[in-house]
Amino acid sequence: MFAPAPQERCHQKSNEHVRHHHRHEPSRRHDRVAGSRRTSPRTRRRRPQNPPPHLRPHQPPIPRRRRRSHPRHRHVRPHHDQYHPGQPPHTSPRHAGPPLRRVQPLGHLPHRQPRRPPEVLASAMSVSRHFFSLPASVKRRYANNPVMLEGYGSRMGLDPNATLDWNDYLFHRLRTRADHSKWPRQPEDYRDVVTRYGDEIVALCGRLLAVLSSGLGLPENTLVEAFGGEPELGATFRVNFYPKCPEPEAALGLSPHSDPGILAVVQQNGVSGLEVKRIGEDGAWFRVPPVEDALVVIVGDQMEIATNGAYKSAVHRTAVNWERERMSMVVFVTPEGEKVIGPLEEMVEMTGGERNFDEMSFNDHRKLIVRALGVQGKSILATRASKTQYPPTN
Ligand SMILES: O=C(O)CCC(=O)C(=O)O
Ligand SMILES: [Fe+2]
C-alpha cells in the first residue's frame with residue numbers, strides 16, 4: 001500500500017506521529033576501519049637519524065618528517081580515502097594487518113579537503129535526485145505494496161500502527177535479479193547510471209571483504225566465499241529522500257536499525273543526518289560527517305553472524321532538519337539468497353569455541369524481517385543469537 005509522501009504528511013502532522021518517534025535504544029558501539037600504516041620491509045628506506053646530542057653539539061637536529069601512507073596502502077581506507085572506480089576486486093591487501101589494530105572508536109573521523117567526486121558517484125546522485133523531483137503522480141507509478149517491496153513508497157504500508165519515518169524512498173534490486181519494471185524510466189539514463197553504480201559498489205565490497213578477511217588473519221577469499229562467492233552476491237539499492245521537517249526534534253528520518261545484509265555502502269548528499277550508535281555503556285549517538293565524495297561503509301548482520309561476533313553490525317538512524325532536504329543512496333550487498341550463513345568454523349575457534357548464532361539462508365532471514373514487520377535496532381539478529389549471554393541486541 002502506498003503511503004503519503006512526507007511533504008503531505010508534514011501538513012497533517014499529529015501529536016500521535018510525534019509520539020511514535022520517541023525511542024529508547026540500549027547501547028551499542030560502532031567501530032570504524034581506518035587505514036594501515038604499516039610499511040612493507042622491502043620498500044622501507046632508512047632516513048638519516050638524529051645522532052645523539054654529544055655527537056652534534058653545533059648542528060641543528062634533522063627535522064622529523066610526517067609519515068605518509070604509501071599509495072599502495074590507500075585502498076584499505078574505505079571510509080575516507082579515494083575510491084577508484086573500475087579497479088578489479090581483490091587487488092589488495094597483503095598489508096592490511098589485523099583489523100583490531102585498525103579499529104578506532106567513532107567520534108574521531110578525519111576531515112579532509114573537499115574534492116570533486118568521481119563521476120560515477122556524482123551521476124548516480126544526480127539521476128536519483130531527478131527522480132525525487134518528479135511530480136508525485138509520476139512517482140506513484142512506481143509505488144510499492146506490502147507484497148512487492150520494490151518500488152517507490154514507504155514501509156509504513158505494512159502496518160497502520162507502525163512508526164512513521166520522515167522519509168520517502170525508492171528501493172529495488174540490482175544485478176542479475178533486478179526487476180526493471182520498478183526502475184524509474186525518468187530520467188532516461190537512470191538505468192545505465194544505476195547499473196554501473198551498483199557494479200562499482202559491489203566490486204568495492206569485494207575488495208573490502210578481502211581486506212576484512214585478511215584482517216582476521218584468514219585467506220582473502222574467506223568472507224566472500226562464506227557469502228556465496230562474488231558473482232552470486234546480491235545487491236539492492238535504496239534512495240532515501242528526507243524532506244525538510246518543521247519539527248525535526250520530534251521526528252526521525254529512519255528509526256534505529258542494523259542493516260540485515262553483509263555491508264551497506266552509503267553516499268550522502270552533503271547534508272548531515274546519519275548517526276551511528278556506539279557499542280558500550282554510554283550508547284552515544286555519533287553524527288557521520290556528510291563528506292560529499294566519501295562513501296560510508298556500514299557493517300551488516302550477516303557479517304556479525306559469519307564472524308561469530310568479531311565484526312559487529314552497527315545500529316544507526318537518521319535525523320531530519322528543517323533547513324535542507326537530505327538524500328542518501330545505499331547499496332546493500334547481501335549473500336546469495338539460498339546460501340546458508342552461520343558462524344565460520346575458524347571464527348568460532350578464534351572467538352572462544354561457542355557458536356553465537358544459528359544457521360539460516362539469507363532468504364529465510366529476510367522472511368524473519370517481513371514477519372516482524374521491519375527491523376528495530378538489532379531485533380532480528382537477536383532472534384538468531386544462540387545463547388542469551390551473547391552481547392545485547394541493541
Ligand atoms: O540515510 C542514511 O544516511 C542511511 C540510510 C540507511 O541507513 C538505510 O537506508 O538503511
Ligand atoms: Fe541502514
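In listed order, ligands and their atoms are each counted from 1. Residue indices begin at 1 and follow the sequence shown.
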For the residue pair Phe362 and His365, does the interplanar ring angle fall in the parallel (under 30°), tilted (30 to 60°) or perpendicular (over 60°) class? parallel
Which residues pass the salt bridge (Lys or Arg N to Asp or Glu O under 4.0 Å) test with Arg384, sequence neighbours left out? Asp358
Hey, are the side chains of [X] and [Y] touching, using non-hydrogen atoms and a 4.5 Å cut-off?
X: Leu174; Y: Trp183; answer: yes
X: Asn167; Y: Arg238; answer: yes
X: Arg317; Y: Leu254; answer: no
X: Tyr142; Y: His172; answer: no

Among pairs that include at least one residue of residues 126-137, which meet side-chain hydrogen bond (donor to acceptor under 3.5 Å, both in side chains), considering only residues two or more places apart or in two chains? Arg129-Glu325
What lies under 2.8 Å from the Fe ion (ligand 2), restricted to protein N/O/S atoms, is His257 NE2, Asp259 OD1, His316 NE2
When you check ligand 1 against the protein, what N or O pairs turn up below 3.5 Å? List the atom names and distances, or just say none.
from, atom 1, to, atom 2, distance (Å)
ligand 1, 1 (O), Tyr242, OH, 2.7
ligand 1, 1 (O), Arg326, NH1, 3.1
ligand 1, 1 (O), Ser328, OG, 2.6
ligand 1, 3 (O), Arg326, NH1, 3.4
ligand 1, 3 (O), Arg326, NH2, 2.8
ligand 1, 7 (O), His257, NE2, 3.2
ligand 1, 7 (O), His316, NE2, 3.0
ligand 1, 9 (O), Asn240, ND2, 3.0
ligand 1, 10 (O), His257, NE2, 3.1
ligand 1, 10 (O), Asp259, OD1, 3.2

Would you call Lys339 and Glu359 a salt bridge, taking side-chain N to carboxylate O under 4.0 Å as the test? no
Does a donor on one side chain sit under 3.5 Å from an acceptor on the other, for Asn363 and Ser361? no
